J.: 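Provided herewith is a single structure, encoded as structure tokens, for subsequent inquiry.
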Amino acid sequence: MALSFCGNDRGSNAYSVDKGVLDNGCFVDALNLVPHVFLLFITFPILFIALFIYWILAFITKMIKLWKFAEASLGVQYLRFCITALLVVLYGLLMAVEINVIRVRKYVFFANPQRVKPPEDLQDLGVRFLQPFVNLLSKATYWWMNPLIIGAHKRPIELKKIGKLPIAMRALTNYIRLKDSYDEQRQKTEDPEKSPSIWKSMYRAFGGPILLSSTFRYMADLLGFAGPLCISGIVEHLHNSTEIDRTNKTANMTFGVFFMSSTELLKNTSVLAVLLFLALVLQRTFLQASYYVTIETGINLRGALLAMIYNKILRLSTSNMSMGEMTLGQINNLVAIETNQLMWFLFLCPNLWAMPVQIIMGVILLYYLLGDSALIGAGVILLLAPVQYLIATKLADTQKSTLDYSTDRLKKTTEILKGIKLLKLYAWENIFCDRVEETRGKELTSLKTFALYTSMSIFMNAAIPIAAVLATFVTHAYIEEVRLSPAKAFASLALFHILVTPLFLLSTVVRFAVKALVSVQKLSEFLQSDEIGDDSWRNGEMYMSLEVGKKYKYHGDTKAINRKGRYRMDNYEQPMRRQLRPTETEDVAVQVNDGFFTWGSNLSTLTDINIRIPTGQLTMIVGQVGCGKSSLLLAMLGEMQTISGKVYWSNKNRYSVAYAAQKSWLLNATVEENITFGSPFNKQRYKAVIDACSLQPDIDLLPFGDQTEIGERDDPFSALDIHLSDHLMQEGILKFLQDDKRTLVLVTHKLQYLIHADWIIAMKDGSVLREGTLKDIQTHDVELYEHWKTLMNRQDQELEKETEMESQTTLERKTLRRAFYSREAKNQIDDEDEEEEVEEDDDDNMSTTTSRRSKIQWKMCCRYLSSGGFLMVFLMVSSKLAKHSVMVAIDYWLAAWTSSNPHNQSLADPFLNATNYTQNDDTQIAQHIPPTLESLTRSTLLCLSAIGVIAFVTPAFLIALVPLAVAFYFIQKYFRVASKDLQDLDDSTQLPLLCHFSETAEGLTTIRAFRHEARFKQRMLELTDTNNTAYLFLSAANRWLEVRTDYLGAVIVLTAAVAAIWSTSQSGLVGLGLTYALTVTNYLNWVVRNLADLEVQMAAVKKVNSFLSTESENYEGSMDVSQVPEDWPQHGEIKIHDLCVRYDTMLKPVLKHVNAHINPGQKVGICGRTGSGKSSLSLAFFNMVDVFEGKIVIDGIDICKLPLQTLRSRLSIILQDPVLFSGSIRLNLDPERTCTDDRLWEALEIAQLKNIVKALPGGLDAVVTEGGENFSVGQRQLFCLARAFVRKSSILIMDEATASIDMATENILQKVVMTAFADRTVVTIAHLVSSILEAEQVLVFSSGTLVECDSAPNLLAQENSLFSILHRVHTILTADLVIVMKRGSIMEYGKPEILMEQEDGLFASFVKADM
């Protein structure tokens, strides 16, 4: 009975037992190991005492036995001695563990045993990531992941399923660890300007886990050498076919027992097969443990870095952002790219320490097998290593340049999408597309260079082992007399490839090391960038009287006056809305003394600022565009850099500041959360705020009311038209806030509100022009007062003649209602579909849903492959098949040849070692799918060829292949579903995190003014932990797959080895089969991983394919460009004949049978109610809508026949929203580069920008940052006006072009437009009726039909005309007070907007009847 491996007590055959296995002492010793291994996993406290006694007795007895062996001179050369020594070590360790348990838990010898409590994380039921808390076996095999992965087959994995992170893995914990290390490095740095070492900080914070991972990697790499050695032993003993010499058994008899030597044991092929299996299992277990530890550490590092970056953002100097030194894009890159680069580098760190071990061990074993000739092969590898390193360096440089080009292209593409309407109206699409294509061309060139270096790297990885083997075998044939056996040949080949693996990884490691160095440099520069400093801007303590307030006495009582009277200043008296406190007790909220402030340059933006903000009063800051109004406010908030001077805040205002920026800023949150902004919810106050801000009509339109989610780029609320602006002033500022005795500072260019100001600060060119009350300015600065008076009277007239009953607000609200409710309906349908699908799953149709979730979109895959050309696909597939066919053929020849004629040499490349294919951070399809496809085809073909070779060598293997294939099928089936869900969770949780960083950077001033930094930090930590949880579970799922496929590969190797031992195949073929079996272990998991990745990536192809199938505009006209005169349109005559327009063939017409004639040089106004079609007509001039009937003829040419490029390039338009592109001022004014500098300066002078641009470095070539953020909103609009003036077309379309500029500038511009375009045709789309009262012709639209066409005076003279009605209605709607009388009695009394809400009231019915 061949069961033992030590023999029996009588010295007969060492591999048989005569009377039973119990007589075999060595076998019994080996069996003792088994139960003790399982005892490691016992966790019952009641057994600890009994186990302690057992371990002591076992340790003593085994020590005595080991001592007796040593006395008899039985050392490590005998197997039984080794097993006994191992038991002694094991018992000693277990005894030490029990002693420690008793000490900690105070058992046995202690009166008060300590209660055992589970870890704090396990007490929190929300923690679902259990890897740190499960037993050793579950840690190694990720058994605890089974319920999640198998459950994903039935229900999709959601965030609530994965729960929270353990405390040790949370971003806050790791941030504190990294921050402490960073601060320690800062304290050690002698030079204050030298930045602390981030590398040392990371090492001190996370070096321990990396060392643990490296230890696991060392053990895995050392065990990796067992494979070639075991294969060598099996092949050698099968080749020799010699029986073990038993003649000297009696010489090994001691104590009457036969002692087998360790060497004799390793000559048994069955034992080698088992050892090969165990070595593979342990090697892959340690390797996956190393991967997991590095990934967990990398994720912890990323969380800590994100927290450090966010903390720095909250302290970042505003000048860094405003002056372009630190852009939003750079911050996003730090968050999305640089932190990931460092994380990926940390993943590869263990390779740095493992490479020397692999090289040294490989050379030693090669020398053991081949002698001196092995050194020749190692020398070839060392000689070629610098070439590989050079290629790897070039790869890193090329990849960096590719990333830079890709980022630049993405930035330009984003700008095009944001300004697409402007680009189309100006026919600049080709110009800006050329800019993108130019960058794309550079990117493609860099990508081709990258592909070339990649090919060279792959070639070198294949060529180096071939060259080394060739040199070694040739040398061996000449200098060695012993023939080269198949065992040594295949072992040497395997060892050479192990030796080359570090060189193969070198390119990846160097590439990521270079990226990490660049990332650390960028991160260091960011962490060292300027900060706003401490809270000194709000730390001042002062109690000052407003001495200047004593000089001005207020007289008169509050009078009931209408809007018209209120805004006139001839008989001005300061209104008394509340009782003023005695001036002698009136203190100052904010005071600035001798302030000089800058945005980062050496020049002062604000100079000689000496102001006081009185407590509890309304202060207004006024001035022209660019005079420094907003800068003054930010200087008081501490956002500007102080050159000299001080800002003092009183104690009562120190911690209570609210700030509303000029540019609207919303959080990715609900409407309620945006309004309360972290304050405790008070229902009564909340309702009062909504009413004061007139938000209720907007909220009522939202599908979920104030619980509707909105985003930073999603602004559904209407702009402040004059109704809302006045309502906000009256109800929000004058009543709600000032009656509450708040200190108010209002920056405005609406001078009509100055009458309400208690204190006025007038700015000019960065200095305070005048400070005081309006009465004081009227007395002491008559010229300024008269200037204001003129502008205010003009504003007053416009308020009387406001445009439309249903304002733009109403239109936006209606549009919003349609958009939201159509979206809501669609979502409801989708939700119902999903619910039906879930019900179907419950009704025994679970497999359908699962197959749909895990199905690869082969159609999209074919689409992707065909886009590169079928010839390229054919060449790729053919080359892959040819490569693997040649590989198998050569390896088969090598196996047969070494068996018959061992003196010849081999040039074979039997297998490639697997490396982790690290995806590039770039999300472009071109950078993700190609490597995935390549890895998938390579892994699949290698696995298929390996299985084919094994089946050819040992056909019996096919029997075992069936259950192995079934196991593999179910493993990949469950994994792919879970992997896709976890990948989706990772992607979906990453976007809110990136958005939070982005919105924080955009709303930085608001956050700091409200002092809500802590709340935003907490939100960032929550989002980071959520994303890290998804990523950790995804990583654990990958380890779950790889452990199982690795174990499956080990079973394949064991099966192939056993089948080979039982077969009668040649030893060379056995070596070939076993060598290929090892490749299956390496590549099985990558087949599944690549399938899962390809499934996710094909979704991107589907999106791109859907986008490409979208119908585009037809730029070709029926007329040739050569038929259009170069100076067309030379006169500007417009004839509209029976025009019918719609936005889509499926929609109703928005313009119906319009006929009009506009003479050359005529000034025309277009007005009408909301939805009347006036804006559609302006788009029809540029052929941006579907003109399905009728025509527009400009100077004798039907515009529908013209090519779009020609038509749009000959007209000019000024839009309401200012759009600027990053680049230079010249680019924004004249991207076509057709104008002279004089013409550009003329346009800038007309737009009141010449002096500003001249002061900038570079003049016309001065830098415009992304979105024009280095200019104010008003200045941006002025640049857009200058842009229209540059073109000087004979036809100009104006669409509320002066909405964002102050009244003084608007007044100048209106005159300039009338003079500069005196001989041109000007069509004004009017939102204010007053803006077209002087028009030579007015077109009035109603429901898409032109109902009136005449001059403004003639239409006003007709009382029943729609234009006259609009004028009357809008006049009364702008009143402060409306009195409705009937038969001598007052029936209704109140504000017009309030009366309009009473649908059954007389006033509402009168207005509706007029409308």
Side-chain angles (χ1 to χ4, degrees), residues 425-427 1117 1119 1121 1123-1139 1141 1151 1153-1168 1173-1184 1187 1190-1215 1234-1235 1239 1242-1243 1246 1281 1283-1295 1297 1309-1326 1331-1341 1346 1348-1355 1363:
L425 290 173
Y426 272 80
M1119 289 183 64
V1121 179
Q1123 297 176 288
V1124 183
E1126 292 185 2
D1127 59 347
W1128 181 91
Q1130 58 269 52
H1131 305 298
E1133 181 184 27
I1134 303 175
K1135 295 180 181 179
I1136 304 174
H1137 298 288
D1138 201 30
L1139 182 68
V1141 167
L1151 289 179
H1153 306 288
V1154 177
N1155 290 276
H1157 182 207
I1158 300 175
N1159 293 319
Q1162 199 172 34
K1163 306 301 180 286
V1164 179
I1166 301 177
C1167 66
K1174 58 184 184 298
S1175 297
S1176 301
L1177 180 61
S1178 68
L1179 295 177
F1181 288 142
F1182 293 85
N1183 204 5
M1184 291 191 68
V1187 179
K1191 59 184 178 179
I1192 299 177
V1193 179
I1194 298 179
D1195 282 356
I1197 297 179
D1198 184 355
I1199 64 171
C1200 291
K1201 296 180 180 180
L1202 291 171
L1204 289 181
Q1205 183 75 17
T1206 304
L1207 169 65
R1208 295 171 182 173
S1209 64
R1210 306 293 180 88
L1211 306 179
S1212 295
I1213 187 170
I1214 302 175
L1215 296 174
T1234 58
C1235 298
R1239 188 171 176 180
E1242 179 188 1
I1246 290 173
L1281 291 168
R1283 177 191 292 154
F1285 295 143
V1286 166
R1287 180 166 282 189
K1288 287 191 175 179
S1289 171
S1290 61
I1291 297 177
L1292 173 66
I1293 313 296
M1294 296 186 66
D1295 185 4
L1309 285 173
Q1310 289 288 358
K1311 294 178 181 179
V1312 169
V1313 169
M1314 297 306 293
T1315 54
F1317 288 84
D1319 58 342
R1320 314 281 176 112
T1321 303
V1322 180
V1323 179
T1324 303
I1325 309 299
S1331 62
I1332 58 173
L1333 288 179
E1334 298 179 1
E1336 301 170 62
Q1337 184 178 188
V1338 175
L1339 306 181
V1340 185
F1341 283 84
L1346 179 62
E1348 294 173 1
C1349 179
D1350 205 338
S1351 66
N1354 290 343
L1355 291 176
F1363 186 76

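Here the structure is a predicted model, which is why all the values come from computation and not from measurement.
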J.: Not counting sequence neighbours, which residues clear side chain to side chain donor-acceptor pair (under 3.5 Å) with Arg1210? List them please.
T.: none
J.: Is the shortest heavy-atom distance from the side chain of Phe1182 to the side chain of Leu1204 under 4.5 Å?
T.: no
J.: Quick one: side chain to side chain contact (heavy atoms under 4.5 Å, CB included) partners of Cys1235, sequence neighbours excluded?
T.: Asp1230, Arg1239, Leu1240, Val1286
J.: Please tell me if the side chains of Pro1203 and Val1121 come closer than 4.5 Å, counting only heavy atoms from C-beta onward.
T.: yes
J.: If I compare all heavy atoms of Ala1352 with all of Phe1363, which pair ends up nearest, and what's the gap?
T.: O-CE2, 4.1 Å
J.: How many angstroms lie between atom CZ of Arg1287 and atom OG1 of Thr1234, to the nearest 0.5 angstrom?
T.: 8.5 Å
J.: Pro1353: which residues meet the side chain to side chain contact (heavy atoms under 4.5 Å, CB included) condition with it, sequence neighbours left out?
T.: Ser1351
J.: Give, for atom CD1 of Ile1194 and atom CG of Asp1198, the distance between the pair rounded to the nearest 0.5 Å.
T.: 9.5 Å
J.: Output the distance between atom CD1 (Ile1192) and atom CG (Asp1138), rounded to the nearest 0.5 Å.
T.: 12.0 Å
J.: Drop me the distance from Arg1283's CZ to Ser1212's OG, to the nearest 0.5 angstrom.
T.: 11.5 Å
J.: Please name all residues satisfying salt bridge (Lys or Arg N to Asp or Glu O under 4.0 Å) with Arg1208, sequence neighbours left out, ordered by chain then number.
T.: Glu429, Glu1113
J.: Just jot down the side chain to side chain donor-acceptor pair (under 3.5 Å) partners of Ser1290, sequence neighbours excluded, or say none.
T.: none
J.: If we only count heavy atoms from C-beta on, is the Ile1134 to Phe1181 side-chain gap below 4.5 Å?
T.: yes
J.: Applying side chain to side chain donor-acceptor pair (under 3.5 Å), name anything that partners Asn1155, two or more places apart in sequence or on another chain.
T.: none
J.: Rounded to the nearest 0.5 Å, how far apart are OG1 of Thr1206 and CG of Leu1211?
T.: 11.0 Å
J.: How close do Leu1346 and Val1340 get, heavy atom to heavy atom, and via which atoms?
T.: CD1-O, 3.5 Å
J.: Check Val1141, Ile1293, Ile1136 against Leu1177 for a side chain to side chain contact (heavy atoms under 4.5 Å, CB included) and give me the one that passes.
T.: Ile1136
J.: So, using salt bridge (Lys or Arg N to Asp or Glu O under 4.0 Å) as the criterion, who are the partners of Glu1348 when residues are at least two apart?
T.: none
J.: Would you please name every residue forming a side chain to side chain donor-acceptor pair (under 3.5 Å) with His1137, sequence neighbours left out?
T.: none
J.: Of all heavy-atom pairs between Ala1284 and Ile1214, which one has the smallest distance, and what is that distance?
T.: CB-CG1, 3.4 Å
J.: Which heavy atom in Met1119 sits nearest to a heavy atom in Ile1197, and how many Å separate them?
T.: SD-CG2, 3.7 Å
J.: Rounded at 0.5 Å granularity, tell me how far OG1 in Thr1324 sits from CG in Leu1339.
T.: 11.0 Å
J.: With sequence neighbours excluded, what pairs up with Asp1195 under the side chain to side chain contact (heavy atoms under 4.5 Å, CB included) test?
T.: Trp1128, Pro1129, Gln1130, His1131, Glu1133
J.: Minimum heavy-atom separation for Ile1325 and Ser1178, please, with both atom names.
T.: CD1-CB, 3.9 Å
J.: Tell me which donor-acceptor pairs under 3.5 Å the side chains of residues 1158-1168 have, and how far apart each pair is, sequence neighbours excluded?
T.:
{"residue": "Gln1162", "atom": "OE1", "partner": "Asn1159", "partner atom": "N", "Å": "3.1"}
{"residue": "Gln1162", "atom": "OE1", "partner": "Gln1337", "partner atom": "NE2", "Å": "2.9"}
{"residue": "Lys1163", "atom": "NZ", "partner": "Gly1161", "partner atom": "O", "Å": "2.9"}
{"residue": "Lys1163", "atom": "NZ", "partner": "Phe1317", "partner atom": "O", "Å": "3.2"}
{"residue": "Lys1163", "atom": "NZ", "partner": "Ala1318", "partner atom": "O", "Å": "3.1"}
{"residue": "Lys1163", "atom": "NZ", "partner": "Arg1320", "partner atom": "O", "Å": "3.0"}

